[in-house]
Amino acid sequence: MDKNETLLYKNMLVDAENAFKLLIGLRITVSSNEGLINYIDTFSWGKHTMHAQSLHLSKEEEIIALAALEHCTIYTLVTQIDTTLQKFFNGRNIDRFKHQNTNISSAAWISRLIRNAFTHNPLNPIWITYNECETKKYTVDDIIFLDTTELNGKKVKREDYGGPLALIRLSEYVRNMVLEINS
């Protein structure tokens, strides 16, 4: 990974972090303000057109849609973390899952396991663990922790990995600690 590519991956992590931060702000704003979102009367793309009655969401639908969008931004963030680690270490012929630095191997496993759960069912993610990572405890400093004991097949809960802010911090860790090696 050269310096331009390193900068690209750093920027993609920042974009994913910012998308999540924006969504949190939107959820709070929409839930506390009636009629905040302005819908267009007509939207056309190619041969398709939708009108106001098809585009407008009720307050309840907005809140549900924002919750679904939050799931998608979490998935985007962990996917970008996983992709960045994969690109960075594969380019050096290093197995990130077996890295001698336990923070790096833990970051790799945590991001991969969360990514996999969301990939297979983004709006209702289920843990999928493997023999090699079952009944393991992964920790990245005081940023994020995941204990895979008895998680396989269970619905993902934010508490399992420390919540969305832990993912933001994990992304920052990857940007600031891992990618700095290549700067």
Side-chain angles (χ1 to χ4, degrees), residues 9-33 36-37 59-89 96-97 99 101-130 132-180:
Y9 278 87
K10 284 174 125 176
N11 288 339
M12 288 188 289
L13 286 170
V14 169
D15 289 346
E17 292 167 24
N18 287 343
F20 187 80
K21 292 173 186 177
L22 176 64
L23 180 66
I24 296 303
L26 282 173
R27 281 193 74 184
I28 292 167
T29 303
V30 167
S31 65
S32 60
N33 294 290
L36 180 71
I37 297 179
K59 180 73 160 183
E60 183 179 324
E61 290 170 326
E62 288 175 352
I63 291 169
I64 292 168
L66 283 167
L69 190 55
E70 183 176 333
H71 278 282
C72 295
T73 59
I74 289 171
Y75 169 62
T76 300
L77 181 60
V78 296
T79 299
Q80 194 58 58
I81 293 168
D82 181 63
T83 299
T84 299
L85 289 168
Q86 179 182 13
K87 179 71 173 171
F88 184 79
F89 288 106
R96 65 193 182 283
F97 299 109
H99 199 280
N101 180 328
T102 58
N103 281 331
I104 292 171
S105 63
S106 289
W109 274 116
I110 291 168
S111 61
R112 175 55 58 95
L113 289 167
I114 297 171
R115 183 206 75 150
N116 285 353
F118 278 90
T119 297
H120 295 284
N121 196 349
L123 298 179
N124 187 30
I126 305 295
W127 287 112
I128 303 166
T129 57
Y130 310 98
E132 62 190 312
C133 64
E134 210 160 290
T135 67
K136 302 275 186 181
K137 295 178 181 178
Y138 299 107
T139 303
V140 178
D141 287 339
D142 62 347
I143 297 169
I144 194 167
F145 174 81
L146 179 65
D147 181 352
T148 64
T149 306
E150 298 181 20
L151 282 184
N152 193 45
K154 292 186 178 174
K155 183 176 172 133
V156 173
K157 297 179 193 166
R158 292 175 170 197
E159 297 80 22
D160 296 337
Y161 57 85
L165 296 180
L167 295 176
I168 296 282
R169 296 292 183 237
L170 180 61
S171 181
E172 291 169 348
Y173 170 82
V174 170
R175 274 191 299 111
N176 296 324
M177 300 300 287
V178 176
L179 291 179
E180 288 303 318

Can you find a pair of side-chain heavy atoms, one from [X] and one from [Y], that are under 4.5 Å apart?
| X | Y | answer |
| --- | --- | --- |
| Ile81 | Ile114 | no |
| Leu113 | Tyr130 | yes |
| Thr102 | Thr139 | no |
| Phe97 | Glu132 | no |
| Ile126 | His120 | no |
| Ile144 | Tyr173 | no |
| Tyr9 | Thr83 | yes |
| Ile168 | Lys21 | yes |

Do other residues, nucleotides or ligands put more than 12 heavy atoms under 6.0 Å from [X] [atom1]?
| X | atom1 | result |
| --- | --- | --- |
| Glu61 | CD | yes |
| Glu150 | CD | no |
| Lys59 | NZ | yes |
| Arg27 | CZ | yes |
| Met12 | CE | yes |

[atom2] on [Y] to [atom1] on [X], rounded to 0.5 Å:
| X | Y | atom1 | atom2 | result |
| --- | --- | --- | --- | --- |
| Thr119 | Arg112 | OG1 | CZ | 9.0 Å |
| Leu22 | Asp15 | CG | CG | 12.0 Å |
| Leu66 | Cys72 | CG | SG | 11.0 Å |
| Leu123 | Leu69 | CG | CG | 10.0 Å |
| Asn11 | Arg175 | CG | CZ | 9.0 Å |
| Leu165 | Ile24 | CG | CD1 | 7.5 Å |

So, does [X] use its side chain to make a donor-acceptor pair with the main chain of [Y] at under 3.5 Å?
| X | Y | result |
| --- | --- | --- |
| Asp141 | Ile143 | no |
| Asp160 | Lys157 | yes |
| Ser106 | Val140 | no |
| Thr148 | Thr135 | yes |

Can you tell me how the ring of Trp109 sits relative to the ring of Tyr138, calling it parallel under 30°, perpendicular over 60° and tilted otherwise?
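Plane angle under 30°, so parallel.
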Between [X] and [Y], what is the shortest heavy-atom contact and its length?
| X | Y | result |
| --- | --- | --- |
| Glu17 | Ser171 | OE2-OG, 2.5 Å |
| Asp147 | Phe145 | CB-CE2, 3.8 Å |
| Leu77 | Leu13 | CD1-O, 4.5 Å |
| Val174 | Thr84 | CG1-CG2, 4.0 Å |

Show, in sequence, the C-alpha distance, side-chain angles and deciding distance for Tyr161 and Val156, and conclude whether the side chain to side chain contact (heavy atoms under 4.5 Å, CB included) test is met.
CA-CA 9 Å; Tyr161 57 85; Val156 173; 3.9 Å; yes
Show, in sequence, the C-alpha distance, side-chain angles and deciding distance for Arg96 and Asp82, and conclude whether the salt bridge (charged side-chain N to carboxylate O under 4.0 Å, His left out) test is met.
CA-CA 10 Å; Arg96 65 193 182 283; Asp82 181 63; 3.7 Å; yes
